Amino acid sequence: MSAGPADCARATVERVSRSLEASGIGTRGAVLFPDGEGPILADRTSARSVLLLGNIGGSIWPAFSQWRNGYDGPDPLDTWSKSVILPIAEAVDATAYFPSDPPWQPFQRWAMRAEGLKPSPLGVLIHPQVGLWHGYRGALGFSYDVEPGKIFDHHPCDGCLDKPCLSTCPVQAVRLEAFDVSSCRDYLRSAGQMSCMLSGCHARNACPVGQDYRYSAEQLRFHMEMLRL
Ligand code: B12
Ligand code: SF4
Ligand code: SF4
């Protein structure tokens, strides 16, 4: 019996996962699009599906830090992510998208559909198991449907009665209505910002969900430095 389209699509996702293993980047669910609603592929048609790729906790830190020892240019994390993901995209005939490349693709909207993640008061999406300790390194667009992953229906913030993220920011940038990006950025550029820069965002650190996946001190400082730029 020959393999059908679903088997081929499953084999592609498995091949992508295997090729990414050494980098610590993982597959983070897929979004299937109705006709014409997906992002544009390299051949100018619109994608049928997008497979999200990202880190869970510090998964990428060993491979990325080692690579960074030999790199002295701009945007190290995006450059490394492209060096890992672009050859894989080519090998599986997919179009790669990257979160920091303009025009910004709606990574968070995709993630809400791919894994059912919900926004936290910090603006970043919260994952029921790993909390706020994850991010996206890229995505692959395909001209066919790939298999969607597990979709969570539980929103951790609903059961969090104390909501310590709301009371730990020195400039009250974290609010239930919306995260106040400019208060946070102004503070990070001011003289008082040292504790956030050294130990990471107090609100993110205070969240009880996924504490085992918390980034290391070095990774936290790296992301905070990027945020100040
Ligand atoms: C510009 C940008 C910033 C700016 C402004 C952020 C802002 N809140 O407006 C700055 C530099 C300040 C920033 C900071 C950070 N960012 Co940022 N940022 C982006 C970037 C490049 C573009 C955002 C955007 O406008 N997208 C375009 C729109 C069309 O996409 P979208 O998916 O529809 O996104 C919007 C919706 O999700 C909407 N939204 C939020 N909640 C809800 C709820 C509902 C129901 C709906 C419908 C929509 C919605 O907000 C998004 C717009 O900001 C994205 C990557 C990307 N391509 O999305 C990362 C991204 C959102 N950032 C991310 C992160 C991790 C951070 C930081 C924590 C960095 C750090 N130090 O570690 C901080 C946290 C700041 C904060 N609390 O928001 C992650 C979030 C991952 C996650 N777990 O959700 C992303 C996806 C990058 C990545 N590589 O993973 N960021
Ligand atoms: S502290 Fe509570 S409300 Fe805040 S992000 Fe974490 S789970 Fe959600
Ligand atoms: S980084 Fe600092 S200023 Fe910004 S939201 Fe977190 S605690 Fe507040």
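Since we're looking at a predicted model, the values are computed, not measured. In listed order, ligands and their atoms are each counted from 1. Quick note: residue numbers are just sequence positions, from 1.
Using cut-offs of 30° and 60° for the angle between ring planes, the Trp67 and Phe64 rings count as parallel. Using the six-membered ring where Trp is involved, Trp110 and Phe33 have ring planes that are perpendicular, over 60° apart on the 30 and 60° scheme.
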Self-check item: Pair Asp180-Tyr187, side chain to side chain donor-acceptor pair (under 3.5 Å): steps then yes or no
Solution: CA-CA 11 Å; Asp180 181 354; Tyr187 182 71; over 6 Å; no
Quiz item: Going through the distances and angles, do Ser100 and Asp78 end up as a side chain to side chain donor-acceptor pair (under 3.5 Å)?
Solution: CA-CA 7 Å; Ser100 308; Asp78 292 327; 3.2 Å; yes
Practice problem: Please lay out, stage by stage, how Leu132 and Val209 fare under the test side chain to side chain contact (heavy atoms under 4.5 Å, CB included). | Solution: CA-CA 8 Å; Leu132 304 168; Val209 184; over 6 Å; no
Practice problem: Walk me through it: do Gln211 and Trp133 pass the test side chain to side chain donor-acceptor pair (under 3.5 Å)? | Solution: CA-CA 8 Å; Gln211 281 289 333; Trp133 306 106; 5.4 Å; no
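No N or O atom of Met224 sits closer than 3.5 Å to an N or O atom of ligand 1. At under 3.5 Å, a nitrogen or oxygen of Gln108, whether backbone or side chain, sits near a nitrogen or oxygen of ligand 1. When only interatomic distances are considered, the shortest N/O to N/O separation between Arg204 and ligand 1 falls below 3.5 Å. Inclusion of Leu125 in the set of residues having an N or O under 3.5 Å from an N or O of ligand 1 is warranted. For ligand 1, one of its N or O atoms has an N or O atom of Gln105 under 3.5 Å away. Here's the thing with Arg109: one of its N/O atoms is less than 3.5 angstrom from an N/O atom of ligand 1.
Interatomic distance, Met224 CE to Ser195 OG, rounded to the nearest 0.5 Å: 9.0 Å. The distance from the OG atom of Ser19 to the CD1 atom of Ile88 is 4.5 Å, given to the nearest 0.5 Å.
Proximity of Pro76 to Phe222: side-chain heavy atoms (C-beta onward) are separated by under 4.5 Å at one or more points. Side-chain atoms of Cys196 and Cys201, non-hydrogen and from C-beta on, never get closer than 4.5 Å to each other. Within the 4.5 Å cutoff, the side chain of Ser199 has no heavy atoms near those of the Leu220 side chain. Annotation: side chain of Leu140 is in contact with side chain of Ile85 (closest heavy-atom distance under 4.5 Å). When side chains are defined from C-beta on, Arg109 does not count as touching Val31, because their heavy atoms never get closer than 4.5 Å. A 4.5 Å side-chain heavy-atom check between Trp80 and Tyr71 finds every atom pair outside the cut-off.
Each of His127, Gln129, Arg28 was evaluated against His134; a single residue qualifies, Arg28, per the side-chain hydrogen bond (donor to acceptor under 3.5 Å, both in side chains) test.
Here Cys165 fails the criterion, with no N, O or S atom under 2.8 Å of atom 8 (Fe) of ligand 2.
Distances below 4.0 Å separate heavy atoms of Tyr187 from the following atoms of ligand 3: 3 (S). Every atom of ligand 2 is numbered from 1 in the order shown, and the set under 4.0 Å from a heavy atom of Val209 is 7 (S). Which parts of ligand 1 touch Phe179 is read off a 4.0 Å heavy-atom cut-off, strictly below it: atoms 75 (C), 76 (C), 77 (N), 78 (O). Near Leu122, meaning under 4.0 Å from any of its heavy atoms, are these atoms of ligand 1: 76 (C), 77 (N), 78 (O). Near His134, meaning under 4.0 Å from any of its heavy atoms, are these atoms of ligand 1: 83 (N). Within ligand 3, the atoms closer than 4.0 Å to a non-hydrogen atom of Met224 are 1 (S), numbered from 1 in the order shown. Near Cys160, meaning under 4.0 Å from one of its heavy atoms, ligand 2 places the atoms 1 (S), 2 (Fe), 3 (S), 7 (S). Every atom of ligand 1 is numbered from 1 in the order shown, and the set under 4.0 Å from a heavy atom of Pro119 is 41 (N), 42 (C), 43 (C). The contact set between ligand 1 and Val181, taken as ligand atoms under 4.0 Å from a residue heavy atom, comprises 7 (C), 8 (N), 9 (O), 12 (C).
Using a 4.0 angstrom heavy-atom cutoff, Gln172 does not count as in contact with ligand 3. In this structure, Ser183 does not count as a contact residue of ligand 3, since none of its heavy atoms falls inside 4.0 Å of the ligand.
Across all non-hydrogen atoms, the minimal contact from Pro39 to Val50 is CG-CG2, 3.6 Å. Here the closest non-hydrogen pair linking Ala42 and Thr95 is N-OG1, 2.9 Å.
Looking at atom 8 (Fe) of ligand 2, its nearest protein heavy atom turns out to be Cys157 SG, 2.4 Å. Considering only non-hydrogen protein atoms, atom 6 (Fe) of ligand 2 sits nearest to Cys207 SG, 2.4 Å. For atom 3 (S) of ligand 2, the nearest non-hydrogen atom of the protein is Lys163 CG, 3.6 Å.
Here Arg204 has no heavy atoms under 4.0 Å from ligand 3, in either its backbone or its side chain. At a heavy-atom distance under 4.0 Å, only side-chain atoms of Pro208, from C-beta outward, approach ligand 2. Contacts with ligand 3 closer than 4.0 Å are made by heavy atoms of both the backbone and the side chain of Cys201. For His127, no heavy-atom contact with ligand 1 is shorter than 4.0 Å. Contact annotation: for Pro99 versus ligand 1, heavy atoms closer than 4.0 Å belong to both the backbone and the side chain. By the criterion of a heavy-atom distance under 4.0 Å, both the backbone and the side chain of Phe107 are placed next to ligand 1.
When Met112, His223, Arg113 are checked for heavy-atom proximity to atom 70 (C) of ligand 1, His223 turns out nearest. One option in Trp104, Phe222, Trp133, Phe98 has a heavy atom closer to atom 24 (C) of ligand 1 than any other, and that option is Trp104.
For atom 7 (C) of ligand 1, the nearest protein heavy atom lies under 4.0 Å away. Proximity of atom 91 (N) of ligand 1 to the protein is not indicated, since no non-hydrogen protein atom lies closer than 4.0 angstrom. Contact annotation for atom 85 (C) of ligand 1: protein absent (non-hydrogen atoms, distance under 4.0 Å). The nearest protein heavy atom to atom 12 (C) of ligand 1 is closer than 4.0 Å. Distance check on atom 60 (C) of ligand 1: every protein heavy atom falls at or beyond the 4.0 Å cut-off. For atom 80 (C) of ligand 1, a protein heavy-atom neighbour is present inside the 4.0 Å cut-off. For atom 1 (C) of ligand 1, the protein comes within 4.0 Å by at least one heavy atom. Contact annotation for atom 20 (C) of ligand 1: protein absent (non-hydrogen atoms, distance under 4.0 Å).
Tyr136 and Ile60 fall into different hydrophobic clusters, where Ile, Leu, Val, Met, Phe, Trp and Tyr residues are linked whenever their side-chain heavy atoms come under 4.5 Å apart, directly or through other members.
In summary, Lys118 and Asp158 do not engage in a salt bridge, as defined by a charged side-chain N under 4.0 Å from a carboxylate O. With respect to Lys150 and Glu115, no salt bridge is recorded, no charged nitrogen being found less than 4.0 Å from a carboxylate O.
In this structure, Arg15 places its CZ atom where only 12 or fewer heavy-atom neighbours from other residues, nucleotides or ligands lie under 6.0 Å away.
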